[in-house]
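Worksheet: one structure, shown below.
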2 protein chains.
Amino acid sequence: MSAVPTPSSDAIDPSDALVADVFARNCDSRAALETVGGKWSILALLALVEGDYRFNALRRRVEGVSEKMLAQTLHALERDGLVQREVVTVIPARVEYSLTTLGAEIAERLRGLTELLEGSIDHITAARAAYDARRG
Amino acid sequence: MSAVPTPSSDAIDPSDALVADVFARNCDSRAALETVGGKWSILALLALVEGDYRFNALRRRVEGVSEKMLAQTLHALERDGLVQREVVTVIPARVEYSLTTLGAEIAERLRGLTELLEGSIDHITAARAAYDARRG
DNA sequence: CGGAATCCAGAAGGATACTG
DNA sequence: CAGTATCCTTCTGGATTCCG
């Protein structure tokens with residue numbers, strides 16, 4: 001391999017001044033990546049691609065998530081501007097969650113990734129079984 | 001938004017037979033997604049796009065990862081068939097890590113996602129600051 | 001219904017030391 | 001160099017309860 005612009009030299013795409021390397025310890029990009037990459041964040045974003053959701057509907061959609069974790073996840077996503085939260089003050093309360101423009105872009109990539117994963121699931125499962133057979 | 005087959009009614013897109021839903025609790029896809037989405041997995045895969053790496057070189061590239069976590073991460077990725085581990089029995093020992101074909105495909109998507117995130121970092125940071133200003 | 005707060009078990013993860 | 005093993009700390013995350 002090593003078909004790359006020499007990782008040692010910093011020949012990153014010159015048209016894009018912003019390097020903001022995710023490999024750096026205290027990089028904002030890495031923090032953002034962790035927000036998105038979280039166990040439940042991906043599923044929440046993926047669900048919201050289907051359309052808006054209310055809290056408990058989303059909770060039902062994302063099987064296995066606890067109230068606490070969903071709330072926490074949605075807060076983080078809202079904070080980073082990926083999800084919009086709209087409160088309708090009626091009784092009983094009603095809160096709609098939807099993707100922002102940025103959130104939709106990101107979710108789209110995640111969908112691509114997920115589809116690739118789903119399509120490769122047989123391959124992955126086989127590799128896993130083979131590995132476990134070799135070891136323990 | 002809501003440009004989708006009505007989430008409230010359960011009219012899942014009939015044109016797309018493959019659901020194999022990541023939303024299901026015990027879905028293999030979800031497990032695979034978690035392997036890939038892990039905090040260090042993304043960074044390891046991203047690094048390996050640049051070329052092969054040896055253990056300690058990779059450790060240096062992915063700032064902040066501990067020996068334990070890197071080893072653990074690489075094991076998981078190898079197990080799922082995303083990373084190949086090649087041992088060269090010399091002294092001192094030498095082990096090369098590289099992406100498999102599947103690993104490369106996945107890493108490519110991750111790179112797209114990361115670049116989008118890096119490009120949006122200003123937006124995200126601003127949203128975050130605004131949110132924190134409103135709340136605590 | 002939406003969600004904040006508390007409590008607590010268990011998993012994640014880091015530092016260190018030791019082996020091949 | 002490339003790990004494994006051990007210990008110990010931190011934090012995730014579930015269950016429960018209460019409030020708007």
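Computed from a prediction, not measured in an experiment: that's the story for all the values here. The sequence lines fix the lettering, A, B, ..., with proteins before strands; numbering per chain opens at 1.
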Bend angle of the helix from C/dC1-D/dG20 to C/dG20-D/dC1, end axes from five pairs each (to 10°) = 50°
ask   = Of all residues at least two apart in sequence or in a different chain, which pass the salt bridge (charged side-chain N to carboxylate O under 4.0 Å, His left out) check with B/Glu108?
value = B/Arg111
message = Reading DNA chain D in the 5' to 3' direction, which nucleotide is the first one with an atom under 4.0 Å from a heavy atom of chain A, and which is the last?
response = D/dG13 to D/dG20
request  = Please list, chain by chain and in numerical order, all residues satisfying side-chain contact (heavy atoms from CB on, under 4.5 Å) with B/Arg109, sequence neighbours excluded.
outcome  = A/Leu113, A/Leu116
ILVMFWY network linking A/Ile42 to A/Ile121, side-chain heavy atoms under 4.5 angstrom = no
note = With sugar-phosphate taken as primed atoms, P, OP1 and OP2 and all else as base, the protein-contact string of nucleotides 12-20 of chain C at under 4.0 Å (heavy atoms; B, S, -) is -BBB-B--B
ask   = Got a sec? Which of residues 73-85 of chain A come in under 4.0 Å of DNA chain C, heavy atoms?
value = A/His75, A/Arg85
message = I'd like to check the side-chain contact (heavy atoms from CB on, under 4.5 Å) partners of A/Leu117; sequence neighbours left out, ordered by chain and number.
response = A/Ile124, B/Ala32, B/Leu33, B/Val36, B/Ile106
task = Examine distances only and state if a side-chain atom of A/Thr100 and a backbone atom of A/Gly81 form a donor-acceptor pair shorter than 3.5 Å.
result = yes
query = Tell me: CZ of A/Arg54 to C1' of C/dG2, nearest whole Å?
reply = 9 Å
remark   = Contacts of A/Lys68 meeting side-chain contact (heavy atoms from CB on, under 4.5 Å) (sequence neighbours excluded), chain-then-number -> A/Ser66, A/Gln72
query = Do A/Phe23 and B/Leu43 come close enough that some side-chain heavy atom pair is under 4.5 Å?
reply = yes
remark   = Sequence neighbours excluded, the answer for side-chain contact (heavy atoms from CB on, under 4.5 Å) partners of B/Ser41 is B/Thr73, B/Leu77
Tabulate below the donor-acceptor pairs under 3.5 Å that side-chain atoms of residues 82-91 of chain B make, not counting sequence neighbours, or state none.
from    : atom 1 : to      : atom 2 : distance (Å)
B/Arg85 : NE     : B/Tyr97 : OH     : 3.3

message = Could you walk me through whether B/Glu50 and B/Arg61 satisfy the side-chain contact (heavy atoms from CB on, under 4.5 Å) test, starting with their C-alpha distance in whole Å, then the side-chain angles of each, then the deciding distance to 0.1 Å, before giving a yes or no?
response = CA-CA 11 Å; B/Glu50 301 170 354; B/Arg61 181 70 177 123; 2.7 Å; yes
query = With sequence neighbours left out, what residues match A/Arg79 under side-chain hydrogen bond (donor to acceptor under 3.5 Å, both in side chains)?
reply = B/Asp132
query = Residues two or more places apart in sequence or in another chain: which of them pass side-chain hydrogen bond (donor to acceptor under 3.5 Å, both in side chains) with A/Thr35?
reply = A/Asp80
